[in-house]
Amino acid sequence: MVRRALTPEARDRGRRLGTVLRRARGDRSITQIASAAGVSPETLRKIETGRLATPSFAIVAAVATSLDLSLDAVAAEAFAPATAVADSPH
């Protein structure tokens, strides 16, 4: 199956999602959080860097849970307009 190319907006959302998760991870190791979420460290690394712009809902939910983040909080930041995230005090 051929996958359609992502739109610039989808890539931007993926980068914002990665930023939210990376910021929430703080000083904790990527291996620790990935293990707690049941994903590989490479998958989490790809999400955090925006190289995996459209991870499955299940993966996002697992990572958010391992970071003690609500999905509402993740969605509010990741799907907010880019300027709102840039202006965020976090």
Side-chain angles (χ1 to χ4, degrees):
M1 177 165 81
V2 176
R3 195 167 175 182
R4 290 182 182 212
L6 294 175
T7 64
E9 293 81 14
R11 286 191 299 272
D12 287 343
R13 278 192 307 271
R15 283 191 285 273
R16 288 193 305 269
L17 173 63
T19 298
V20 169
L21 297 178
R22 173 63 190 100
R23 186 175 54 234
R25 185 166 59 82
D27 293 335
R28 292 175 283 186
S29 77
I30 202 163
T31 304
Q32 175 189 8
I33 298 304
S35 177
V39 301
S40 73
E42 184 59 22
T43 295
L44 183 52
R45 188 174 292 109
K46 285 179 181 179
I47 294 169
E48 286 186 354
T49 60
R51 291 184 302 153
L52 179 56
T54 58
S56 73
F57 177 80
I59 290 176
V60 173
V63 173
T65 298
S66 71
L67 293 168
D68 296 322
L69 288 175
S70 75
L71 288 174
D72 289 335
V74 172
E77 288 193 60
F79 297 107
T83 55
V85 172
D87 294 339
S88 176
H90 299 277

Pair Phe57-Leu71, side chain to side chain contact (heavy atoms under 4.5 Å, CB included): steps then yes or no: CA-CA 10 Å; Phe57 177 80; Leu71 288 174; 3.5 Å; yes
To the nearest 0.5 Å, how far apart are [atom1] in [X] and [atom2] in [Y]?
X     : Y     : atom1 : atom2 : result
Ile47 : Ile59 : CD1   : CD1   : 5.5 Å
Thr54 : Leu52 : OG1   : CG    : 6.0 Å
Ser66 : Leu44 : OG    : CG    : 7.5 Å

Within a strict 4.5 Å, meaning less than it, do heavy atoms of the [X] and [Y] side chains meet?
X     : Y     : result
Pro41 : Ile33 : no
Leu69 : Leu21 : yes
Arg45 : Arg22 : no

side-chain hydrogen bond (donor to acceptor under 3.5 Å, both in side chains) filter on Thr65, not counting sequence neighbours, yields none
Atom of [X], atom of [Y] and distance for their closest heavy-atom approach:
X     : Y     : answer
Arg11 : Ala53 : CA-CB, 4.2 Å
Val20 : Ala78 : CG2-N, 4.1 Å
Phe79 : Arg13 : CD2-CD, 3.0 Å

Can a donor-acceptor pair be found, under 3.5 Å and without considering hydrogens, that links the side chain of Arg15 to the backbone of Thr49? no
Enumerate the residue pairs fulfilling side-chain hydrogen bond (donor to acceptor under 3.5 Å, both in side chains) with a member in residues 24-33, sequence neighbours excluded, ordered by first and then second residue. Arg25-Glu48
